[in-house]
Amino acid sequence: MSALARLHRPATVEEAVRLLAGGDGERTRLLAGGATLVAMLNAGLVDPAELVSLAAVDELRGIGTLPDGGLRIGAMTRHRETAADVRLAGTLAVLREAAARIANPVVRNMGTIGGSISFADPAADYPPALVAADAAVEIAGPQGRRRVPAREFFVDWYATALGPNEMVTAILLAPRAPGLGSYDKLYRVAGDYAIVSVALSVAWRDGACARAGLAVGGCGPRPLHLDEADELLRAGRLGAQAARRAGELLAAAADPLDDVRASAAYRRRVIPRMVERALAAARDELSRTA
Ligand SMILES: Cc1cc2nc3c(=O)[nH]c(=O)nc-3n(C[C@H](O)[C@H](O)[C@H](O)COP(=O)(O)OP(=O)(O)OC[C@H]3O[C@@H](n4cnc5c(N)ncnc54)[C@H](O)[C@@H]3O)c2cc1C
């Protein structure tokens, strides 16, 4: 870290945005949990002149219930808190399961949901879960607040819909519906990022599938999601044939890289198997509980 980096501790979102806007572009950085940023500072990958810590902004902390029964997860909510919140059940359980699969207890104690999705690592666990649950991201900037569907928030490798001097303030979730959410992650060693991950959120009403959300992580610049695959699963009542076809469609649409964890070809082969496994588990669970 530059010896001259100045640390700011704003008390409000508006103050944080003002500090960002008054700073020197890339050299002014928000600091959330520090899990990623401090590692980058230590490795000399970034050299900020000013750090804007979000630690004292009350509004960004914790998980609250919205007037419509939905949930608002503040940007500074730690992965550990999200993994433990029993309100993330039914269709929303996908998010709790994804949080519980991030790295290890140390990272889950440090890292925040706002920091994770802003960094937008294509192998991170929250992005596909938020896309499957059809969440929205609340953003604050010099022009005020706006909301972006998670399906539009992740735009490219490590790139999001955040504009200059904007920050993530919260994740917004519609009220949970009866059904289920699940998150499966294939990794080389426990605690590692995903080679491939599959996030599923299914609303189940009167013996029929009312809504299905399926997303794949680790297989391209952003979470892989196809409306067509969701619709196949819904219309096919999550059946084995629909699951197979949805998996094939997603594998064909994937744009994975060869990297230290796995080859692109391996990732493409794994996607349909993981999708079928997630759907088989969902059918089992629903036949026991619905
Ligand atoms: C050893 C290790 C293993 C990990 N394994 C996994 C894993 O398996 N799965 C996984 O998903 N993640 C993993 N992570 C990442 C981890 O989840 C981090 O918590 C996350 O990437 C960053 O969150 P943070 O709160 O620490 O953000 P910080 O490190 O403080 O910030 C990260 C970046 O986001 C920006 N930022 C922070 N908050 C905001 C905001 N509210 N609005 C806009 N920009 C913001 C910062 O300026 C910075 O550029 C791992 C990290 C480490 C160090």
Side-chain angles (χ1 to χ4, degrees), residues 1 5 7-8 10 12-13 15-17 19-21 23 25-43 45-57 59-61 73-83 95 97-131 137-141 145-146 148 153-154 158-171 183-197 199 217-218 223 261:
M1 188 190 319
L7 181 67
H8 301 273
T12 64
V13 165
E15 208 185 320
V17 168
L19 285 162
L20 273 183
E26 274 290 289
R27 295 209 65 209
T28 304
R29 289 277 188 149
L30 292 174
L31 175 65
T36 295
L37 189 57
V38 171
M40 289 169 73
L41 290 168
N42 287 337
L45 295 173
V46 288
D47 181 26
E50 312 207 42
L51 287 171
V52 180
S53 165
L54 299 176
V57 184
E59 185 205 323
L60 301 179
R61 288 205 203 111
I73 308 182
M76 286 295 283
T77 306
R78 311 279 162 174
H79 309 328
R80 166 181 47 83
E81 296 169 70
T82 305
L95 218 59
E97 288 196 10
R101 304 295 296 276
I102 295 174
N104 53 51
V106 176
V107 172
R108 292 198 291 275
N109 272 330
M110 250 179 118
T112 67
I113 194 164
S116 173
I117 70 164
S118 305
F119 192 65
D121 189 311
D125 296 298
Y126 281 130
L130 293 174
V131 166
V137 180
E138 186 188 84
I139 292 171
R145 306 254 175 153
R146 65 189 180 107
V148 176
F153 180 78
F154 303 99
Y158 299 95
T160 68
L162 284 171
N165 306 317
E166 286 191 321
M167 59 177 278
V168 170
T169 48
I171 303 302
Y183 183 77
D184 190 16
K185 171 175 176 177
L186 178 70
Y187 50 81
R188 282 189 316 176
V189 289
D192 197 6
Y193 280 94
I195 296 171
V196 177
S197 64
R261 293 190 177 87

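Counting starts at 1 for both ligands and their atoms, in listed order. Numbers here simply count residues along the sequence, with the first being 1. If you're wondering where the values come from, they're calculated on a predicted model, not measured in any experiment.
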Can you find a heavy atom in the side chain of V168 that is under 4.5 Å from one in the side chain of F153?
-> yes
Straight-line distance of H8 NE2 to L30 CG, nearest 0.5 Å = 11.0 Å
N/O donor-acceptor pair under 3.5 Å between R261 side chain and A194 backbone | no
Protein residue, atom and distance nearest to atom 17 (O) of ligand 1, heavy-atom basis = H79 NE2, 3.0 Å
Any nitrogen or oxygen of Y193, main chain or side chain, under 3.5 Å from a nitrogen or oxygen of ligand 1?
-> yes
Would you say ligand 1 has an N or O under 3.5 Å from any N or O of L30?
-> yes
Are any side-chain N or O atoms of R61 and backbone N or O atoms of A55, one a donor and one an acceptor, separated by less than 3.5 Å?
-> yes
Does any N/O atom on V168 come nearer than 3.5 Å to any N/O atom on ligand 1?
-> yes
Give a yes/no on ligand 1: does T169 have at least one heavy atom closer than 4.0 angstrom to it?
-> no
pair E59-T12: side-chain heavy atoms closer than 4.5 Å | no
For atom 36 (N) of ligand 1, which candidate among G34, P127, S118, A140 provides the closest heavy atom?
-> S118
Measuring from I117:CD1 to L162:CG, what's the distance to the nearest 0.5 Å?
-> 7.5 Å
Less than 3.5 Å between some nitrogen or oxygen of V38 and one of ligand 1, yes or no?
-> no
Judging by distance only, is a nitrogen or oxygen of L37 under 3.5 angstrom from one on ligand 1?
-> yes
What is the closest protein heavy atom to atom 49 (O) of ligand 1, and at what distance does it sit?
-> R29 NH1, 2.9 Å
R108: heavy atom below 4.0 Å from ligand 1, yes or no?
-> no
In Å and rounded to the nearest 0.5 Å, what is the CD1 to CG distance from I113 to L60?
-> 12.5 Å
For atom 34 (O) of ligand 1, find the nearest protein heavy atom and state the residue, atom name and distance (0.1 Å precision).
-> G115 O, 3.6 Å
Validation row: R78, N109 side chains within 4.5 angstrom (heavy atoms) = no
For atom 52 (C) of ligand 1, what's the nearest protein heavy atom and its distance?
-> V107 CG2, 3.8 Å
Taking only non-hydrogen atoms of S116 and a 4.0 Å limit, the atoms of ligand 1 in range are 20 (C), 21 (O), 22 (C), 23 (O)
Tell me, do V148 and T160 make a side-chain contact under 4.5 Å, heavy atoms counted?
-> no
Which ligand 1 atoms does I102 reach within 4.0 Å, using its non-hydrogen atoms?
-> 6 (C), 7 (C), 9 (N), 10 (C), 11 (O), 12 (N), 13 (C), 17 (O)
Donor-acceptor pair, S118 side chain versus G115 backbone, under 3.5 Å?
-> no
Is R78 near ligand 1, meaning one of its heavy atoms is under 4.0 Å from it?
-> no
Write out the residue and atom name of the closest protein heavy atom to atom 25 (O) of ligand 1, then the distance separating them to 0.1 Å.
-> T112 OG1, 2.6 Å
Protein contact of atom 18 (C) of ligand 1 - nearest heavy atom, named by residue and atom, plus distance = T36 OG1, 3.6 Å
Does any N or O atom in L54 lie less than 3.5 angstrom from one in ligand 1, N or O only?
-> no
Residue portion contacting ligand 1 (non-hydrogen atoms closer than 4.0 Å) for M76 | neither
For atom 38 (N) of ligand 1, what is the nearest protein heavy atom, given as residue, atom name and distance?
-> A32 CB, 3.4 Å
Could you list which atoms of ligand 1 come closer than 4.0 Å to a heavy atom of K185?
-> 8 (O)
What atoms in ligand 1 come closer than 4.0 Å to a heavy atom of D192?
-> 8 (O)
Evaluate the side-chain proximity of Y126 to I171: yes if any heavy-atom separation is below 4.5 Å, no if none is.
-> no
What distance separates F119 CZ from T112 OG1, expressed to the nearest 0.5 Å?
-> 12.5 Å
Is A103 close to ligand 1, meaning an N/O of one under 3.5 Å from an N/O of the other?
-> yes
Can an N or O of M167 be found at a distance shorter than 3.5 Å from an N or O of ligand 1?
-> no
Look up atom CD1 in I139 and atom CE in M167, then write down how far apart they are to the nearest 0.5 Å.
-> 10.5 Å
May I ask you to check if ligand 1 and A35 share an N or O to N or O distance below 3.5 Å?
-> yes
Among all protein heavy atoms, pick the one closest to atom 10 (C) of ligand 1 and tell me residue, atom and distance.
-> D125 OD2, 3.4 Å
Is the backbone N or O of A98 less than 3.5 Å from a side-chain atom of K185, with the two atoms forming a donor-acceptor pair by type?
-> no
Taking both backbone and side-chain atoms of E166, is any N or O found less than 3.5 Å from an N or O belonging to ligand 1?
-> no
Is there a side-chain contact between L41 and P48 (heavy atoms, below 4.5 Å)?
-> yes
State whether a side-chain donor-acceptor pair under 3.5 Å links T28 with E50.
-> no
